[in-house]
Amino acid sequence: MVSGTKTMTTAPALQPTRRDLFALFGSVSVAGLIPGVAQAAAALPIYRDARAPVDLRVRDLMARMTLEEKVGQTISLWATKADVMTPGGLEFDPARATAAYPAGFGQVNSALRQARRPSVAAVAGGTGAQWRGSASTIAFVNAVQRWARGTRLGIPVIFHEESLHGYMAPDATMFPQAIGMAGAFDRDLMQRAQAIIGREVRAHGSHLSLSPVVDIARDPRWGRIEETFGEDPYLCGEMGVAAVEGLQGDSRTLAPGKVFATLKHMTGHGQPQAGNNIGPAPIGERELRESFFPPFRAVVTRTGIGAVMPSYNEIDGVPSHANHWLLGDVLRGEWGFSGAIVSDYGAIEELDTIHHIAPDLAGAARLALAAGSTARCPTGSRIGHCPRRCARGRCRSLRSTPRARGCWR
């Protein structure tokens, strides 16, 4: 166990449900129709009342949020963490945070790392980051949450971490990569290993893990096979379910030492043209449903998975991050997923820079939001343009209450 485990009680003592964290959009309040809730409403806003039904709390919160606050909840901080920290230091600066994000922000990517430059490869590999110790990480998380409680609506910030085969931090416990764990064909072993990972992540104040990966690995030239559970849809599904149960537990409410999991990467990621990462996946619907969908469907329908991450690639010419059929009709419609859809790192920009289906980066953000994306990683600079675009009628996904509510659940 990492050294931060001893200070677990100093991390934020939240016991959130999946909807508490992700269902931030709703419509009008009908508090007067719920016995016991109406009496408490005068003293406490409905969205803050833990006794009220979740849907009612969502509706009440949505009715209170400005457009800027809704956009703020889709924004994550990564390299931009420098905007909310003391110049040249690692401490959180409330005054700078308020100045940079007056409407708040939704997530922080990796509290234990401060990126020196916005290079995905450099920072993900650790060469472009300053690393905190356990005590510093927990202090930073607590400082951010104290600031968030003081904002107009007091919405907590979600912290997420990389933890595919261990919490990505100095001195954390590391297990074999996913492909090695899958080789044991042992669901119980997978669940127990992921439970340890989740406990270490939660001990440092984070509530969301970017794991597991249930991509079907079909091309040996692809350089990310070690992240997967292999080529068999059944094995990938069973390992994925076990991993989520280890991270989250068997309830939609997080118990102590548990974190929400993120199912990655939907889909076709493991069979790109020429084995090139992010390459097109020219896969027909029958092959998708027979081989690539089953692991994702198994996890979504058998667990309370908190988030799903689309894949970088395109499927039959449609990038996953802008694919209404994939994210809306299949994921939310057929499988009934009600959690968050979080973008892969830099994937929304790539709708413009690689896929060329958007005229600019702001247009790419609009396409992703319209398809159902609810959080932009690793930062959110382009989503920040949405209030101005909405004013011109070009970003209806945030204006439409039913549409927004469906995305955030």
**Request:** Hey, could you give me the CE/CZ distance between M239 and F229, rounded to the nearest 0.5 Å?
**Result:** 7.0 Å

**Fill in**
Taking every heavy atom of P102 against every heavy atom of A99, the minimum-distance pair comes out as CD-O, 3.8 Å

**Any side-chain heavy-atom pair of Q107 and L208 under 4.5 Å** = yes

**Item:** R302 with E238: basic N within carboxylate O range, under 4.0 Å
**Value:** yes

**Request:** Provide the closest heavy-atom pair for M174 versus G166 in the form atom of the first, atom of the second, distance.
**Result:** CE-C, 3.6 Å

**Message:** Once ring-ring contact (aromatic ring centres under 6.0 Å, His included) is applied, do any residues pair with F159, and if so which ones, sequence neighbours excluded?
**Reply:** none

**Request:** Show your reasoning for whether salt bridge (Lys or Arg N to Asp or Glu O under 4.0 Å) applies to E91 and R96.
**Result:** CA-CA 11 Å; E91 294 76 31; R96 296 193 73 201; over 6 Å; no

**Asked** Got a salt bridge between D60 and R64, using NZ or NE/NH1/NH2 to carboxylate O under 4.0 Å?
**Response** yes

**Request:** Measure the spacing between CZ of F260 and CD1 of I305 and express it to the nearest 0.5 Å.
**Result:** 10.0 Å

**Request:** Give, for atom OH of Y312 and atom CD1 of I354, the distance between the pair rounded to the nearest 0.5 Å.
**Result:** 9.0 Å

**Item:** Minimum-distance pair of heavy atoms, taken over all atoms of H321 and L351
**Value:** CB-CD2, 4.3 Å

**Prompt:** Does a donor on one side chain sit under 3.5 Å from an acceptor on the other, for Q248 and T303?
**Reply:** no

**Prompt:** Does S311 reach the main-chain N or O of M266 with its side chain, forming a donor-acceptor pair under 3.5 Å?
**Reply:** yes

**Request:** Kindly indicate, with the supporting measurements, whether the criterion side-chain contact (heavy atoms from CB on, under 4.5 Å) is fulfilled by T228 and W222.
**Result:** CA-CA 11 Å; T228 77; W222 184 48; 3.7 Å; yes

**Item:** Note, S206 side chain near V259 side chain (heavy atom, < 4.5 Å)
**Value:** no

**Item:** Donor-acceptor under 3.5 Å (E227 side chain, A178 main chain)
**Value:** no

**Item:** Ring centre gap for W335 and F293 strictly below 6.0 Å
**Value:** yes

**Request:** Look only at the side chain of K258 and the backbone of G246, and say whether a donor-acceptor pair between them is shorter than 3.5 Å.
**Result:** yes

**Minimum heavy-atom distance A203-I138, with the two atoms named** = O-CD1, 3.5 Å

**Prompt:** Judged by atom type as modelled, is there a donor-acceptor pair below 3.5 Å linking the side chain of S373 to the main-chain atoms of L369?
**Reply:** no

**Request:** Side-chain contact test, heavy atoms from C-beta onward, threshold under 4.5 Å: evaluate it for F296 versus L331 and give yes or no.
**Result:** no

**Message:** Between E314 and H355 (side chain of the first, backbone of the second, donor and acceptor by atom type, cut-off under 3.5 Å), is there such a pair?
**Reply:** no

**Asked** Hey, what do you get for OG (S320) to CG (L326), rounding to the nearest 0.5 Å?
**Response** 5.5 Å

**Item:** Short side-chain to backbone donor-acceptor contact, R199 and G257, under 3.5 Å
**Value:** no

**Fill in**
Closest non-hydrogen atoms of I225 and P220, given as atom of the first, atom of the second and distance, are CD1-CA, 3.6 Å

**Request:** For D232 and L235, indicate whether the former's side chain and the latter's backbone hold a donor-acceptor pair under 3.5 Å.
**Result:** yes

**Request:** Step by step, work out the side-chain hydrogen bond (donor to acceptor under 3.5 Å, both in side chains) result for S163 and S211.
**Result:** CA-CA 6 Å; S163 58; S211 176; 5.1 Å; no

**Prompt:** Cationic tip of R192 within the cone over F175's six-membered ring, i.e. under 6.0 Å and within 45° of the normal?
**Reply:** no

**Request:** Could you tell me whether the side chain of K264 and the main chain of L210 form a donor-acceptor pair under 3.5 Å?
**Result:** yes

**Prompt:** Does any non-hydrogen side-chain atom of I341 lie less than 4.5 Å from one of P310?
**Reply:** yes

Would you give me the side-chain donor-acceptor pairs under 3.5 Å for residues 268-275, sequence neighbours excluded?
| unit_1 | atom_1 | unit_2 | atom_2 | d |
| --- | --- | --- | --- | --- |
| H269 | ND1 | D215 | OD2 | 3.4 |
| H269 | ND1 | H265 | ND1 | 3.3 |
| H269 | NE2 | N277 | OD1 | 3.4 |

**Request:** Report the C-alpha distance between W147 and T98 in whole Å, list the side-chain angles of each, state the deciding distance to 0.1 Å, and finish with yes or no for side-chain contact (heavy atoms from CB on, under 4.5 Å).
**Result:** CA-CA 9 Å; W147 171 81; T98 300; 2.9 Å; yes

**Request:** Measure the shortest side-chain to side-chain distance between L254 and R202 over non-hydrogen atoms and say whether it is less than 4.5 angstrom.
**Result:** yes

**Prompt:** Looking only at atom types and distance, does a side-chain atom of K81 sit under 3.5 Å from a main-chain N or O of L90, one as donor and one as acceptor?
**Reply:** no

**Prompt:** Between T80 and F105, is a side-chain contact (heavy atoms from CB on, under 4.5 Å) present by the stated rule, with each step listed?
**Reply:** CA-CA 11 Å; T80 48; F105 50 85; over 6 Å; no

**L361 side, atom CG; D352 side, atom CG - distance, nearest 0.5 Å** = 4.5 Å

**Message:** If you compare all heavy atoms of V141 against all heavy atoms of G205, which two are closest, and at what distance to 0.1 Å?
**Reply:** CG1-O, 3.7 Å

**Request:** Answer yes or no: are there more than 12 heavy-atom neighbours, outside Q177 itself, under 6.0 Å from its atom CD?
**Result:** yes

**Request:** Without swapping roles, check the side chain of Y101 against the backbone of I75 for a donor-acceptor pair under 3.5 Å.
**Result:** no

**Message:** Around atom CG of D188, are there more than 12 heavy atoms from other residues, nucleotides or ligands closer than 6.0 Å?
**Reply:** yes

**Asked** Would you call S110 and E161 a side-chain contact if the rule is heavy atoms closer than 4.5 Å?
**Response** yes

**Item:** CZ on R366 to CG on D360, rounded to 0.5 Å
**Value:** 8.5 Å

**Request:** Apply side-chain contact (heavy atoms from CB on, under 4.5 Å) to V299 and V241, showing your working.
**Result:** CA-CA 5 Å; V299 174; V241 168; 4.1 Å; yes

**Message:** Are the side chains of L77 and D83 in contact, using a 4.5 Å heavy-atom criterion?
**Reply:** no

**Heavy-atom check, side chain of W325 versus side chain of V318, under 4.5 Å** = no

